[in-house]
Amino acid sequence: MNKTRLGIAAAAFIAVLSAGAALAQDETDASSEALTPAVFLGSWEADCDAFGTPGRCETEWTQGLDASLYEQHYRVTARDSGALIFAGHGVYRVTEDGVDGYWSDSQGAIHALYGEWRDGALVIDWGAPSTSRGRSSYGVDPESDALHQIDWALTDDGWRQFMDFSYARAAETE
């Protein structure tokens, strides 16, 4: 798989992982209820570098078919033309033991994913040794209400970061 395709796949998968992403915990009460992807619910958007092309990244998090499920829809389009560069869909199941699920995307990939909450962020690993592997981190800053996403791909030389940006909540349309 070439680096561009690997990067796109990793970005999409990571976006999905963000669905289960970080819910900030009340610093004054360490025993507050467990972190959940509910903090990600809604539509988010940001200008981004889409693998060397100025892009627009959009993600929407919704409740899944069961209360334990969350879904993420992810799109990257070219900023100048609006042409689709990449799209993905993730399903995250939240349990007491962590997060698992799958990611599928416009490049034909289907990846298992698994993760956990670390320091107020959802950190997701995806893929398998026989395919590409990556890691995504999602967290919401409670002060700015921004969704911060960082994505890495596992290469022969180790983990390589390929995305790092913050989404703003998309404006509500009537």
Side-chain angles (χ1 to χ4, degrees), residues 5-24 34-51 55-77 84-95 97-128 131-142 144-153 161-173:
R5 187 170 178 197
L6 175 63
I8 292 172
F13 185 80
I14 292 172
V16 171
L17 301 179
S18 46
L23 173 63
L35 297 174
T36 72
V39 70
F40 300 118
L41 293 176
S43 297
W44 304 81
E45 57 190 12
D47 287 335
C48 59
D49 176 355
F51 317 103
R56 187 76 179 158
C57 291
E58 300 171 341
T59 188
E60 180 180 19
W61 290 86
T62 59
Q63 185 68 56
L65 296 174
D66 181 81
S68 67
L69 301 176
Y70 293 85
E71 293 189 36
Q72 178 189 26
H73 295 273
Y74 180 72
R75 290 175 50 95
V76 180
T77 55
L84 181 66
I85 296 173
F86 183 82
H89 173 242
V91 175
Y92 305 88
R93 177 176 46 197
V94 179
T95 69
D97 297 325
V99 177
D100 67 351
Y102 71 88
W103 174 261
S104 63
D105 63 44
S106 59
Q107 295 178 333
I110 298 176
H111 295 290
L113 62 90
Y114 48 95
E116 64 185 5
W117 298 100
R118 293 185 204 153
D119 300 322
L122 178 62
V123 179
I124 302 290
D125 286 335
W126 49 269
T131 64
S132 58
R133 291 182 53 206
R135 177 173 292 150
S136 299
S137 171
Y138 301 92
V140 173
D141 179 331
S144 66
D145 195 32
L147 172 59
H148 190 183
Q149 173 181 328
I150 305 172
D151 298 315
W152 298 267
Q161 183 177 315
F162 65 90
M163 292 278 252
D164 183 351
F165 64 95
S166 292
Y167 295 95
R169 287 196 185 271
E172 297 289 324
T173 57

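Predicted, not measured: the structure shown is a model, and the values here were computed from it.
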Should H148 and D164 be marked as a side chain to side chain contact (heavy atoms under 4.5 Å, CB included) after you check the CA-CA gap, both sets of side-chain angles, and the distance that decides it? CA-CA 8 Å; H148 190 183; D164 183 351; 2.6 Å; yes
So which heavy atom on [X] is nearest to which on [Y], and how close?
X: S166; Y: A46; result: O-CB, 3.4 Å
X: Y167; Y: C57; result: CE2-O, 3.8 Å
X: M163; Y: D49; result: SD-O, 3.5 Å
X: W44; Y: D145; result: CZ3-O, 3.3 Å
X: L41; Y: Q63; result: CD2-N, 3.7 Å
X: R169; Y: V39; result: NH2-O, 3.4 Å

Rounding to 0.5 Å, atoms CG (D100) and OH (Y114) come to a distance of 11.5 Å
Just verifying a value: how many Å separate E71 CD and E60 CD, rounded to the nearest 0.5 Å? 10.0 Å
Let me see the working for Q149 and L147 under side chain to side chain contact (heavy atoms under 4.5 Å, CB included), right down to the final yes or no. CA-CA 7 Å; Q149 173 181 328; L147 172 59; 5.6 Å; no
Does any non-hydrogen side-chain atom of R133 lie less than 4.5 Å from one of D125? no
Are the side chains of S132 and H111 in contact, using a 4.5 Å heavy-atom criterion? yes
Set of side chain to side chain donor-acceptor pair (under 3.5 Å) partners for D47, sequence neighbours left out: R56
Contacts of type side chain to side chain donor-acceptor pair (under 3.5 Å), residue D66, not counting sequence neighbours: S68
